[in-house]
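Below: one structure, written as structure tokens.
Remember, predicted model here, so these are calculated numbers, not experimental data.
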2 protein chains.
Amino acid sequence: MDIKKDQKEYLGALKSSGLKNTKHRCSLLEILFNESQPLNAEEIFFRIKEKTAEINLSTVYRNLEVLVNKGLVTKLTFPGDSKSLYEYNKMGHRHYIVCISCKKIMTIEHCPLQEYELSLEKETGFKINAHKLVMFGYCPECNKK
Amino acid sequence: MDIKKDQKEYLGALKSSGLKNTKHRCSLLEILFNESQPLNAEEIFFRIKEKTAEINLSTVYRNLEVLVNKGLVTKLTFPGDSKSLYEYNKMGHRHYIVCISCKKIMTIEHCPLQEYELSLEKETGFKINAHKLVMFGYCPECNKK
DNA sequence: TTGGATGCAAAAGTTTTGCACGGTT
DNA sequence: AACCGTGCAAAACTTTTGCATCCAA
């Protein structure tokens, strides 16, 4: 497989997390790394089959599980989708805006919740580690219709 | 079944949505109405079996589906839980704070995101209808350990 | 060489569905 | 009476697991 500049990041991450650099693992990471939308296991499975090599769906699930545990990949669930979604973890959390009509998912980098977390910690006594924010609406294209 | 004051709300909602007032549907709504935490289908199933009457799990699922479609109940999914959760829809959205350790879910009434939605609409071109915010952390009890 | 990675098949777990019967309006 | 709701069993669907084999370090 051709190793481009932008692939070094996840290859390094693989190595430093003690995981073997296998063909399947590598294509899986490449797909997620270059994808702006979270994908489900089956989508990843078909992409690897089409573009790279024959692979088994359980291999995809097993690799996703390992990569999630090592923190390289994040697992997501959205209401209305029975399948879990996965994305490359670019460090620094992100939020999502989902189109109710066409189901397109767009990523939002800015997070408005830092100060809110502090006030909520005081209010509830929780020690807050993370949060998940998803917005729902109609994307510009679907909104026209 | 004894009809108390606080049950009138969901009984009325049943009627005005054109759904039949059946024994199971009624106990299901009563359980969700009086519960502060979202419950999954199996938990609802066992509660009805214990407190009210024999019921089949598929009946629970079918009723939940109808009630979600009518907007009386909201369906939720949390990462790390393969089961969907359901709650009575009290109108006016709510947010959740989930304990990473004991999995307790607490509901937050205040929402800090009104202004943010407006700025995001301008930024993305989306027409935003709703959002979902979940906070994760350690509840006061688990935090002590 | 050795332990992890993979394919295959089967299992597990959640949710849905077909069909006959029963209950509400 | 008509239609919706229910129970039961089976199916569908996503995800996990056991086991034999293969491959990267």
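- For the pair B/Lys83 and B/Leu19, both in contact range of DNA chain C, the more 5′-proximal nearest nucleotide belongs to B/Lys83.
- In this structure, A/Ser82 does not reach the C/dT14 phosphate: none of its side-chain N or O atoms is under 4.0 Å from OP1 or OP2.
- By the rule that hydrophobic residues join a cluster once side-chain heavy atoms approach within less than 4.5 Å of another member, B/Phe33 and B/Phe46 end up as members of one cluster.
- Rounded to whole Å, the distance from CD on A/Glu54 to P on D/dC22 is 17 Å.
- Rounded to an integer number of Å, the gap from A/Asn63 CG to D/dT17 P is 15 Å.
- Regarding contacts with the backbone of D/dT15, a side-chain N or O of A/Tyr61 is found under 4.0 angstrom from either OP1 or OP2.
- As judged by a 4.0 angstrom heavy-atom cut-off over every strand, A/Ser58 is placed among the base-contacting residues.
- Applying the 4.0 Å criterion to OP1 and OP2 of D/dT6, one finds that B/Thr22 has a side-chain N or O inside that range.
- Ion pairing between a basic and an acidic side chain is recognised when a charged N comes within 4.0 Å of a carboxylate O; B/Arg47 and B/Glu35 show such pairing.
- For C/dG4, the base has no donor-acceptor partner in the side chain of A/Arg62 [N/O atoms by modelled type, under 3.5 angstrom].
- Taking atom NE2 on A/His24 and atom P on D/dC23, their separation rounds to 10 Å, with Å as the unit.
- Both B/Leu67 and B/Leu57 sit in one connected hydrophobic cluster of ILVMFWY residues. Membership requires side-chain heavy atoms under 4.5 Å apart, directly or through other members.
- The CG-P distance, from B/Leu64 to C/dT16, rounds to 9 Å in whole Å.
- Spacing between atom NZ of B/Lys23 and atom C1' of C/dG23 amounts to 10 Å, rounded to whole angstrom units.
- Counting non-hydrogen atoms under 4.0 angstrom, A/Asn40 reaches nothing in the nucleic acid.
- Relative to the six-membered ring of A/Phe78, A/Lys132 meets both conditions, a distance below 6.0 Å and an angle of at most 45° to the axis.
- In this structure, A/Val60 and B/Lys75 both approach DNA chain C, and ranking their closest nucleotides by distance from the 5' end singles out A/Val60.
- Between the side chain of B/Lys20 and the base of D/dC3 there is at least one donor-acceptor pair of N/O atoms closer than 3.5 Å.
- Rounded to whole Å, atom C1' of D/dC13 lies 11 Å from atom CG of A/Leu57.
- Side-chain N/O atoms of A/Asn21 include none lying less than 4.0 angstrom from OP1 or OP2 on D/dA24.
- For A/Ile44 and C/dT6, the CD1 to C1' distance is 17 Å, given to the nearest whole Å.
- Of the possible polar contacts, one joining the A/Asn89 side chain to the A/Gly71 backbone as a donor-acceptor pair under 3.5 Å is found.
- For the pair B/Ile55 CD1 and D/dT6 P, the computed distance is 7 Å after rounding to whole Å.
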